[in-house]
Amino acid sequence: MKLSSNFYKPLAIGAPAPYRELPVVLERMIHFFPGHNEKLRARIGEIIPQVDVLLGNLEDAIPADAKEAARRGVIEVGRTHDFGATGFWTRINPLNSPWMLDDITELVAEIGDKLDVIMLPKVEGAWDIHYLDQLLAQLEAKHGLKKPLLIHAILETAQGVKNVEEIACASPRMHGMSLGPADLAASRRMKTTRVGGGHPFYRVLEDPKEDGSPRVAAQQDLWHYTFAKMVDACVANDIRPFYGPFGDIQDAEACEQQFRNAFLMGCVGAWSLHPNQIAIAKRVFSPDPAEVLFAKRILESMPGGTGVAMIDGKMQDDATWKQATVIVDLAKKVAARDPELARAYEL
C-alpha cells in the first residue's frame, strides 16, 4: 500500500504535481461528439460556447473501423480550437481494448496541454486507475505537460459498483465518476435494453382494494441504489458524481426528470448526447432562482452559520445554513457563465 506521505507526489520524474484540490469549474453537462464525424467537427466552434464540457468520444458508438479516424478527429479539434472556459475531455477505449494505448500516447503527445480530463470506461477497481495514473505521469513528463491530466471513471460493471469506494480514492487524479447504465445493465444481467431512465415493468403496486377496482402502480427508478452509492463515494472523497447518458433522445420530458433526480441526489451534471439535451442539462443543473434567493436569505439571517432563525414561518438552523451554502455556491458558478441567471439570482 502506498504511504499517505507519497499520495500527492508525481509518479514520474518531471511530471507535474497532482492537484490537492480540484479546479473550480462548472460542469452541468458533458457534451459528446464522435471524433470521426467530419460534419459535427465542422460545427464544434459553434458548440463550444454553449456547453460546460466538450468531450471527444473514442469508445462506444464509434465503429471498430473508425477508431483511428476518431482519434485523429479529436486531435484535430484540440489543435484548432480555443476552449476558453469550456472543459475539453476525451473518452478513451477501455484498458482491455487494442486501441487504448494508442489513444493515450497519441492524445497526450499531440494535445495533452489542451486536455483537462481523460474519461476511462468500464473501471472495475482501483488497479485500473493505478495503471492509467502511472502511464499518464510518464507521458506528462516525456512531453513536458505543465498541469496534470485528471481521470474520470465510468461506473458500468457490477464489480465496479462493488469497488466504488476504492476507485473514488485511488489517485489524486480522480476527477469524478459517471453512471453508465447500459453496460451496467448488461453486466448485471438486467432485463432491459434502455439506456438510462426507468422501466414500465419495474414498479410498485398498491394493496388490493376491497371493491376490486384497479390498483394504482408507480414506475420505479432502476438506478437509485447505484446513484446513491456512487454519490456517497464521490462526495466522501471530494470528487464529482455525474449521471451518464439518457438514450431516448426524443423523450425530452423523461430525460429532464432523470437529470433532475440525479441533481437532487447530489450529481453535478450529466452527459448530453444530442444538442437538444444541452438546454435540459443547463436548466436542471442550475439551481432554481427562487431557491437561490431563499438560500441567500438564510445566509443573511445567520451570518456565522450558528443559532436559529425564522424565515416565513420556517425554522432555519446550522443544517439548513449548510444546505443554503451549497445552493449559493453553485449559483455563483452558474452566474459567472450565464448573465441571465446572474440577474435572476441577483448576483
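In terms of heavy-atom proximity, Glu165 sits nearest to Asn237 at O-ND2, 4.3 Å. In plain terms, the two heavy atoms of Pro10 and Pro18 that are nearest each other are N-CD, 4.0 Å. Here the closest heavy-atom approach between residue Ala281 and residue Met29 is recorded as CB-CB, 3.5 Å. Nearest heavy-atom pair, Leu22 versus Leu150, reported as atom, atom and distance to 0.1 Å: CD2-CD1, 3.9 Å. Taking all atoms of both residues into account, the shortest heavy-atom contact from Leu26 to Asp52 is O-CB, 3.2 Å. When all heavy atoms of Val123 and Leu120 are compared, the closest pair comes out as CG2-O, 3.4 Å.
To the nearest 0.5 Å, atoms CD (Glu76) and CZ (Arg79) are separated by 9.0 Å. Atom OG1 in Thr86 sits 11.0 Å away from atom CD in Glu27 (nearest 0.5 Å). The distance from atom CZ of Phe7 to atom OG of Ser171, rounded to the nearest 0.5 Å, is 6.0 Å. If you take CG on Leu273 and CD1 on Ile249, they are separated by 5.0 Å, rounding to the nearest 0.5 Å.
Proximity of Phe83 to Val77: side-chain heavy atoms (C-beta onward) are separated by under 4.5 Å at one or more points. Looking at Tyr8 and Arg20, their side chains come closer than 4.5 Å, going by heavy atoms from C-beta outward. You'll find the side chain of Leu101 reaches within 4.5 Å of the side chain of Leu135, heavy atoms only. Contact annotation: the side chain of Ile47 never approaches that of Pro275 to less than 4.5 Å [non-hydrogen atoms, C-beta and beyond]. With a 4.5 Å cut-off on side-chain heavy atoms, Pro63 and His36 count as touching. Trp99 places none of its side-chain heavy atoms less than 4.5 Å from the side chain of Leu58. Put simply, the side chain of Thr226 does not reach to within 4.5 Å of the side chain of Glu156, judged on heavy atoms. Annotation: side chain of Cys255 is not in contact with side chain of Asp248 (no heavy-atom distance under 4.5 Å).
By the ring-ring contact (aromatic ring centres under 6.0 Å, His included) test, Phe32 pairs with Trp271, sequence neighbours left out. Looking at residues two or more places apart in sequence or on another chain, you find a salt bridge (charged side-chain N to carboxylate O under 4.0 Å, His left out) between Glu59 and Arg91, Lys122. Residues passing the ring-ring contact (aromatic ring centres under 6.0 Å, His included) test with His199, sequence neighbours excluded: Phe201. In this structure Trp89 satisfies the ring-ring contact (aromatic ring centres under 6.0 Å, His included) test together with His152, His175, sequence neighbours excluded.
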Steps toward side chain to side chain contact (heavy atoms under 4.5 Å, CB included) verdict (Met119, Ile30):
CA-CA 11 Å; Met119 183 179 279; Ile30 305 167; 4.2 Å; yes

Give the intermediate values and the outcome of side chain to side chain contact (heavy atoms under 4.5 Å, CB included) for residues Phe294 and Gln316.
CA-CA 11 Å; Phe294 186 72; Gln316 312 297 329; 3.7 Å; yes

Asp102 and Lys67: side chain to side chain contact (heavy atoms under 4.5 Å, CB included), yes or no, with the steps?
CA-CA 10 Å; Asp102 286 341; Lys67 294 289 189 181; over 6 Å; no

Please test Tyr345 against Asp338 for side chain to side chain contact (heavy atoms under 4.5 Å, CB included), starting from the C-alpha separation and ending with a verdict.
CA-CA 10 Å; Tyr345 296 157; Asp338 191 324; over 6 Å; no

Determine, stepwise, if the pair Phe227 / Tyr243 fulfils ring pair (Phe, Tyr, Trp, His ring centres under 6.0 Å).
CA-CA 8 Å; Phe227 261 148; Tyr243 184 73; 5.2 Å; yes

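The environment of NZ in Lys209 is crowded: more than 12 heavy-atom neighbours from other residues, nucleotides or ligands sit within 6.0 Å. For His224, the NE2 atom is loosely surrounded, since the number of other residues' heavy atoms within 6.0 Å does not exceed 12. Residue-environment remark: CZ (Arg215) exceeds the threshold of 12 foreign heavy atoms within 6.0 Å. Atom CD1 of Ile13 has 12 or fewer heavy atoms from other residues, nucleotides or ligands within 6.0 Å. Within a 6.0 Å radius of NZ in Lys162, no more than 12 heavy atoms belonging to other residues, nucleotides or ligands are found. Dense packing is recorded around CD of Glu206, with more than 12 heavy atoms of other residues, nucleotides or ligands lying under 6.0 Å away. Atom CG of Asp318 has more than 12 neighbouring heavy atoms from other residues, nucleotides or ligands inside a 6.0 Å radius.
In this structure, Arg71 pairs ionically with Asp103, as a charged nitrogen and a carboxylate oxygen lie closer than 4.0 Å.
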Quick one: side chains of residues 323-333, donor-acceptor pairs under 3.5 Å with protein atoms, not counting sequence neighbours, listed by atom name and distance.
from, atom 1, to, atom 2, distance (Å)
Thr325, OG1, Trp321, O, 2.9

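Evaluation of the side-chain hydrogen bond (donor to acceptor under 3.5 Å, both in side chains) test over residues 273-299, restricted to residues two or more places apart or in two chains, returns Arg28-Ser286, Glu256-Arg283, His274-Asn276, Arg297-Asp312.
Under the side-chain contact (heavy atoms from CB on, under 4.5 Å) rule, Phe88 has a single partner from Ile111, Ile48, Val53, Asp82, which is Ile111. Partner of Ile151 under the side-chain contact (heavy atoms from CB on, under 4.5 Å) criterion, chosen from Leu136, Asp128, Val117: Leu136.
Hydrophobic clustering places Ile129 together with Val161 (ILVMFWY residues linked when any side-chain heavy atoms are closer than 4.5 Å, directly or through intermediates). Val231 and Ile154 fall into different hydrophobic clusters, where Ile, Leu, Val, Met, Phe, Trp and Tyr are joined by side-chain heavy atoms under 4.5 Å apart, directly or via other members.
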